[in-house]
Amino acid sequence: MSEQLSEKRKQYPFSEIEPKWQAFWDEHKTFRVANPGDAGFDASRPKFYVLDMFPYPSGDGLHVGHPEGYTATDIVSRYRRKTGWNVLHPMGWDAFGLPAEQYAIKTGQHPRVTTGRNVNRFRGQLKRLGFCYDWDREINTTDPGYFRWTQWIFLQIYNSWFDVATQRARPVSELEAQGLSRDEIDARRLAYVAEVQVNWCPGLGTVLANEEVVDGKSEVGGFPVERRPLRQWMLRITAYAERLIDGLEGLDWPEGIKRHQAEWIGRSEGAEVVFRVEGSGRELRVFTTRPDTLYGATYMVLAPEHSLVDEITTEARRAVVETYRKEAAAKSDMDRTALAKTKTGVDSGGFAINPVNGERIPIWIADYVLISYGTGAIMAVPAHDERDHEFALQFGLPIRQVVQPPPGNEEKCFCGDGIAINSPLFEGLPTQEAKRKITAWLEEQKLGRKTINYKLRDWLFARQRYWGEPFPILWQDGRHQAVADADLPVIPPDLEDFKPTGTPEPPLSKATDWIRVSDTVTRETNTMPQWAGSCWYYLRFIDAGNSSRFAGAEAEKYWMGHNGKPGGVDLYVGGTEHAVLHLLYARFWHKVLYDLGHVTTPEPFQRLVNQGLILGEDGQKMSKSRGNVINPDHVIEEYGADSLRLFEMFMGPLEQVKPWSTKGVEGVYRFLGRVWRLFFEARDDSAWEFSPKVQDVDASPKLLKVLHETIRKVGGDIESLSFNTAISQMMICTNELTSSDVRPVCVLAGLLQALNPFAPHLSEELYHALTARYPSLPKGPLSELPWPQWEARHLAEDTMEIVIQVNGRMRDKLTVAVDIDTDSLKAAAMASEKVTEHTAGKEVRNVIVVPKRLVNLVVR
RNA sequence: GCCCGGGUGGCGAAAUCGGCAGACGCAAAGGACUUAAAAUCCUUUUUUCCUAACGGAGAGUGUGGGUUCAAGUCCCACCCCGGGCACCA
C-alpha cells in the first residue's frame with residue numbers, strides 16, 4: 001500500500017528502466033571495443049583513449065566523489081563513440097595496499113577475501129550508474145596475471161642503467177659486454193640497493209616514502225615516523241629529473257599541476273665550490289646558487305650527519321658537537337623544519353679557507369642544512385640569504401654585504417639580483433654576469449664547477465608489508481639477482497599471520513619455506529609500494545588478457561600512438577591528490593619503457609583534468625565525523641542513477657569545488673520527469689499513457705531552432721567539458737516542448753540523442769518507446785546511433801535584436817533585418833524616440849556600431 | 001612566509017573577442033487543478049526610488065584606483081575565503 005503510494009510519487013519509473021538497460025548493455029556488450037586485428041575492429045575510425053583514475057576498492061564502497069569524474073568521462077566516451085571514434089574506456093582496481101592488510105590484521109580475514117568482496121561491491125555500484133566501460137578489459141592489480149607484468153617491468157628497470165650522455169636508459173647487458181665488474185654494474189642500475197636514511201613507521205611496521213610522510217606522521221593512519229638507516233631498494237628516478245621537467249611542456253595539463261611537478265623536481269642551477277679545511281688535506285664541497293656572493297661567505301655549515309664532522313671538530317668542541325648531533329638525530333622532521341621558531345647549531349672549532357680571498361672562516365654544525373640535498377654543506381652568506389641571516393644574528397656571526405641592491409631597496413637581507421660590491425674579482429658586475437664570471441674562474445682554478453641540483457630524491461621502493469607485489473629478486477652470497485622470466489609471477493606465500501614483525505623485517509620473512517629457494521638461494525622479502533600497480537595500469541587496459549606481453553605491441557601502438565603528441569591517453573580525469581606522486585611515478589616508468597623500446601610514446605597522459613572536490617551540504621569537507629557524507633546508493637534508490645549523474649554534472653564546472661544539495665538533485669530529477677512527460681501522461685489510475693501530443697509531423701521553425709541549437713551547444717559543451725551549461729540547454733529545449741501543443745517525433749528524437757550521454761537509461765527507454773510507435777525512426781539502441789548533425793539553416797533568423805546605447809547606457813532595442821547595413825542601422829538608432837529623448841539638445845560626437853550587437857551613441 | 005584556486009541575487013551558477021549582467025536550476029511568493037494535500041501546470045522574483053497604473057530613473061559582479069565609446073571580463077594596489085608547499089642553500 002505505502003509502496004504503491006511512493007511508486008505513484010515517482011516522476012518516472014526509473015527503478016524499472018535502469019536495471020533493464022544495464023542488463024541490455026551487458027548482454028549485448030554494447031560498449032566493447034575491438035583491438036586492431038580483432039574481429040569487428042574498424043580501422044577507419046580514429047582512436048580516443050578516455051581514462052579514469054582507477055579506484056582503491058575500500059570497504060566503505062563508492063562515495064559521491066567517484067561518480068563525478070566517472071560521469072564526466074562516461075559522457076565524453078558516449079559522445080565520442082557517437083561521433084565516429086574508437087573509444088577505449090576501461091575500469092579496474094588498484095587493490096594492493098595498506099587498508100586491506102590492516103583490516104585483515106584486525107579481523108583475521110585474508111586480504112584476498114576482503115579485497116574480492118570490496119571489488120564486487122564497487123563493480124556493482126559502478127554498473128548501477130550505467131557507465132559505458134568495456135568490462136572485458138577489467139583489471140585488478142592483485143591478480144597474478146597482472147602483477148606478473150608489474151614484476152616484469154621492475155626487472156626491466158633493474159636491468160637498465162641511465163646513459164647520461166644520451167639521457168636515456170639502456171640495458172645493463174651493454175655494461176657487461178664492456179667488461180664492467182658486477183659491483184660497477186650494480187652501482188649503475190636504475191633499481192639498486194642502498195643503505196639510506198628511511199622513514200620508519202613503527203605503527204605501520206613499514207618504511208615510507210618521503211611523499212607518504214606528512215608533518216612527521218604517516219599519511220595513512222597518522223602514526224609517528226622516525227628516521228633510521230636501512231638497506232633498501234631504490235629506483236633511480238633522479239636520473240630522469242631533467243626529462244621529467246622537460247616532458248611537461250608538451251602536455252595538456254592544468255598549469256598548476258605542471259608547476260607543482262616542476263617544483264617537486266626542483267631543478268636548481270648553481271655551482272659547486274671547493275673550500276679547503278684548515279690544518280688537514282680535506283676539502284669541503286658546497287653547492288650554491290649564488291656563487292657571486294662568495295666574498296660574503298663568513299662561515300660554513302655542515303649538516304649534523306655530514307661525514308667530515310668528526311674530522312673537523314676540534315677536541316675542545318667534541319663533546320658539544322656530539323651532544324648536538326645526537327639531539328638532531330632524535331628530532332622529528334617537523335622539529336627540524338622552518339616551523340621550528342629558532343635555528344640551532346654549534347661551532348665545530350674548525351676553520352675553512354675561502355678560495356677567493358684566502359680568508360679563514362669558522363665551520364658550524366647546524367640542522368638547518370640538510371644532508372640529503374646538494375653536498376650536505378653550505379657556505380653561509382648572511383647578508384644575502386634569509387636563513388643564514390637569521391642564524392648569524394642568533395650566534396653573533398659577521399655579516400658582510402657583497403651585493404648592492406637596486407636603488408630604493410632597503411631590505412636588511414637582500415636576496416635578489418643587484419651589483420657585486422666588495423668582490424675584487426668581479427666588482428661592479430650585475431648578479432647574472434658575476435655568477436658566470438666567478439663560475440668560470442672557479443673552473444679554471446679547479447676549485448669548482450657549474451652544477452645542477454634537484455630536490456627530487458631517488459624513490460624508496462621497498463615496503464615491509466604483506467599485501468603487495470613481491471620483488472622478483474633472489475639473493476645468493478649477499479648478491480641480488482633477477483628471477484628468470486619464465487618463473488614470473490612471484491606469488492606471495494599464503495600466510496596465516498601477516499602482522500608486522502615489529503622490526504624492519506618484513507612479514508614475508510615468516511614464510512620460511514617460500515623464502516628458501518635452495519640451500520644457497522633465498523627470496524627478497526620486501527614488497528613493492530602501492531604506487532607500483534598504478535604506474536602502468538593504463539597500458540594493461542589496452543590488452544588486458546595478453547599472457548605473453550604486458551600489452552600487444554600493435555594494440556599499444558594503436559591506442560597510445562598519437563598524431564605527433566607526446567602523450568598516449570587522450571583524456572585522463574582524476575583528483576588533484578595525485579598531482580605529484582602517481583603522475584610522476586607513472587611518467588618515470590613510462591619513460592624507462594619508452595627508452596627500452598617497449599612503448600611508442602614518451603609520455604603516458606596527454607590531457608589531464610582534475611575534477612573538483614564535492615563538499616557536504618554544509619559546505620564542509622565530507623567526513624564521517626561531521627555526519628555530512630552522502631551515500632550514492634541512497635541517491636540512486638530515491639532518484640535513480642540518471643538523476644545522480646545529471647546532478648553531479650549540473651552542480652557547476654567539473655574542476656570546481658562545490659557543495660552537495662539534495663534540493664538540487666530533486667531539481668534535475670524533476671527535469672527528467674518533465675522529459676518523461678513529454679512522451680507519457682499519467683492516467684487517472686496512475687498508469688502511464690502515450691501522449692497524444694506526440695505526432696509525426698513537420699516541426700515548427702521555432703522548435704527546429706531550439707532543437708538544433710541544443711544539438712550544437714550540447715556537442716560543443718561536451719567537447720569543452722562544460723556539462724552544466726549543456727544540461728541548461730537541454731532544459732530550455734524541454735521547456736519549449738512542454739509548452740508546445742504538438743511534439744513532433746523528429747524533435748523528440750533529437751532531444752533524446754542529446755540527452756543520451758548524460759541520462760543514458762531514460763533516453764534509451766524513451767527512444768525505445770518512440771521507435772515502437774514510429775518504426776521509420778532509425779532502430780536503436782540509442783547508445784549505438786550516431787550523433788545528429790545540427791543545421792545552420794534552422795538557426796538562422798530573418799531579424800535580430802540590436803541594443804541601442806547612449807553614452808554606454810541601454811536606451812532602446814530595435815528589431816532589424818539581419819542583413820541591415822551599418823548606415824541604415826545607424827540611422828534607425830538615431831531615429832528611435834527613446835534615443836532622441838536622451839540626445840535632444842546634445843551633440844552626437846561619435847557613433848559606434850558593433851555589427852549584430854549594438855549601437856552606442858556618444859553625446860555631449 | 002611562498003605558490004596556486006576563488007569572491008557575481010536568498011542559494012548553485014551563466015555570460016566566445018571587452019558589447020543587454022544574472023541564462024538554467026534551487027528556494028520563496030501568488031494563481032490554476034483538488035473536498036483537501038501531494039504531484040503537476042502557469043506567473044512573479046538583483047536592489048533602491050518615482051508613478052494610481054502602463055511605465056520610467058538610478059545603483060549593482062569583494063574594496064579602491066586606472067585604461068576604454070563601452071569593464072564581471074583588461075591593468076595597478078589592497079581585503080577576504082579555500083587548497084597546497086614549507087630551512088632544498
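Side-chain nitrogen and oxygen atoms of Arg809(A) include none within less than 4.0 Å of the OP1 or OP2 phosphate oxygen of C69(B). Applying the 4.0 Å criterion to OP1 and OP2 of G83(B), one finds that His260(A) has every side-chain N and O outside that range. Phosphate proximity of C20(B) to Asn856(A): absent, as no side-chain N or O sits under 4.0 Å from OP1 or OP2. Here Arg670(A) reaches the OP1 or OP2 of A27(B): one of its side-chain N or O atoms lies under 4.0 Å away. Distances shown here put a side-chain N or O of Lys663(A) below 4.0 Å from the OP1 or OP2 atom of A27(B). For the pair Gln656(A) and G82(B), the criterion of a side-chain N or O lying under 4.0 Å from OP1 or OP2 is not met. Distances shorter than 4.0 Å separate none of the side-chain N or O atoms of Tyr368(A) from OP1 or OP2 on A89(B). Residue Gln11(A) places at least one side-chain N or O closer than 4.0 Å to OP1 or OP2 of U40(B). Within the structure, a side-chain polar atom (N or O) of Arg677(A) is placed less than 4.0 Å from OP1 or OP2 of C41(B). Side-chain nitrogen and oxygen atoms of Asn724(A) include at least one within less than 4.0 Å of the OP1 or OP2 phosphate oxygen of A14(B). An OP1 or OP2 oxygen of C24(B) is reached within less than 4.0 angstrom by no side-chain nitrogen or oxygen of Thr725(A).
Both cation-pi conditions hold for Lys10(A) and Phe14(A): the charged atom is under 6.0 angstrom from the six-membered ring centre and inside a 45 degree cone around its axis. For the pair Lys343(A) and Tyr368(A), the cation-pi test (distance below 6.0 Å, angle within 45°) is passed.
For the pair Lys658(A) NZ and G12(B) P, the computed distance is 13 Å after rounding to whole Å. For the pair Gln620(A) CD and G82(B) P, the computed distance is 9 Å after rounding to whole Å. When the P atom of G84(B) is taken as reference, atom NE2 of His578(A) falls 14 Å away, rounded to whole Å. Regarding Tyr299(A), its OH atom lies at a distance of 16 Å from the P atom of A89(B), rounded to whole Å. As rounded to whole Å, 11 Å separates atom P of A89(B) from atom NZ of Lys435(A). Between the C1' atom of U16(B) and the NZ atom of Lys852(A) lies a distance of 16 Å, rounded to the nearest Å. Atom pair Glu736(A):CD and C42(B):P shows a separation of 11 Å (rounding to whole Å applied). With rounding to whole Å, Ile727(A) atom CD1 is found 13 Å from A14(B) atom C1'.
Contact annotation for Asn846(A): no contact, since no heavy-atom pair falls under 4.0 Å across all strands. Residue contacts shown for Arg267(A) are absent, as no nucleic acid heavy atom lies under 4.0 Å away. If you check every strand for non-hydrogen atoms under 4.0 Å, Val286(A) touches nothing. Within 4.0 Å (heavy atoms only), Asn453(A) reaches no atom of the nucleic acid at all. Within 4.0 Å of Ser268(A), counting heavy atoms only, lie sugar-phosphate atoms of the nucleic acid but no base atom. Residue contacts for Arg259(A): at a heavy-atom cut-off of 4.0 Å it reaches the sugar-phosphate backbone alone, with no base atom in range. Gln805(A) comes within contact range of at least one nucleobase, with a heavy-atom separation under 4.0 Å. Nucleic acid contact for Gly664(A): none, since no nucleic acid atom lies under 4.0 Å from a heavy atom of the residue. Using a 4.0 Å heavy-atom cutoff across all strands shown, Ile732(A) reaches sugar-phosphate atoms only and no base atom. Counting any heavy atom pair closer than 4.0 Å across all strands shown, His838(A) reaches sugar-phosphate atoms only and no base atom.
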Take Val818(A) and Thr799(A), measure what side chain to side chain contact (heavy atoms under 4.5 Å, CB included) needs, and give me the verdict at the end. CA-CA 5 Å; Val818(A) 283; Thr799(A) 59; 5.7 Å; no
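Interatomic distance, Leu370(A) CG to Lys455(A) NZ, rounded to the nearest 0.5 Å: 10.5 Å. One distance of note links CZ of Phe650(A) with CE of Met730(A); it measures 10.0 Å at 0.5 Å rounding.
The nucleotide G9(B) finds no pairing partner, because no Watson-Crick or G-U wobble arrangement with both distances shorter than 3.5 Å includes it. Across all strands shown, G1(B) is found opposite C85(B) as a Watson-Crick or G-U wobble partner, with both distances under 3.5 Å. Judged by Watson-Crick or G-U wobble contacts below 3.5 Å, the nucleotide A32(B) has U40(B) as its partner. Base pairing annotation: C49(B) forms a Watson-Crick or G-U wobble pair with G56(B), both donor-acceptor distances under 3.5 Å.
Comparing G19(B), A89(B), A14(B) by their closest approach to the side chain of Arg853(A) singles out G19(B). Checking A13(B), G19(B), C20(B) against every side-chain atom of Val803(A), the shortest atom distance belongs to C20(B). Here A23(B) is the nucleotide among C87(B), A23(B), C69(B) with the atom lying nearest to any side-chain atom of Ser728(A).
With a 4.5 Å cut-off on side-chain heavy atoms, Leu294(A) and Val402(A) do not count as touching.
Using atom C1' as the reference point in both C11(B) and A28(B), the two lie 11 Å apart (nearest Å). Across the P atoms, C75(B) and G7(B) are found 15 Å apart, a figure rounded to whole Å. Between U73(B) and C81(B), the distance separating the two P atoms is 22 Å to the nearest Å. Atom name P, nucleotides A36(B) and A13(B): the rounded distance is 40 Å, in whole Å. The gap from the C1' atom of G60(B) to that of C49(B) amounts to 14 Å, rounded to the nearest Å. To the nearest whole angstrom, the two P atoms, one in G31(B) and one in A21(B), are 33 Å apart. G5(B) and A59(B): their P atoms are spaced 33 Å apart (whole Å). For the C1' atoms, the distance from U48(B) to A38(B) is 39 Å, rounded to whole Å.
With its glycosidic angle within 90° of 0, C17(B) adopts the syn conformation. In G5(B) the O4'-C1'-N dihedral to the base is more than 90° from 0, which defines an anti nucleotide.
Comparing Lys813(A) and Phe287(A) against RNA chain B, the residue whose closest nucleotide sits nearer the 5' end is Lys813(A). Position along RNA chain B of the nearest nucleotide to Thr288(A) versus Pro659(A) favours Pro659(A) as the more 5'-ward residue.
More than 12 heavy atoms of other residues, nucleotides or ligands lie within 6.0 Å of CZ in Arg626(A), so this atom counts as buried by the packing criterion.
Residues Ile237(A) and Arg457(A) share a closest heavy-atom pair of CG2-O, 3.4 Å.
In terms of modelled atom types and a separation under 3.5 Å, the side chain of Ser722(A) and the main chain of Ile718(A) share no donor-acceptor contact.
For Phe647(A) and Trp660(A), the ring centers sit closer than 6.0 Å to each other.
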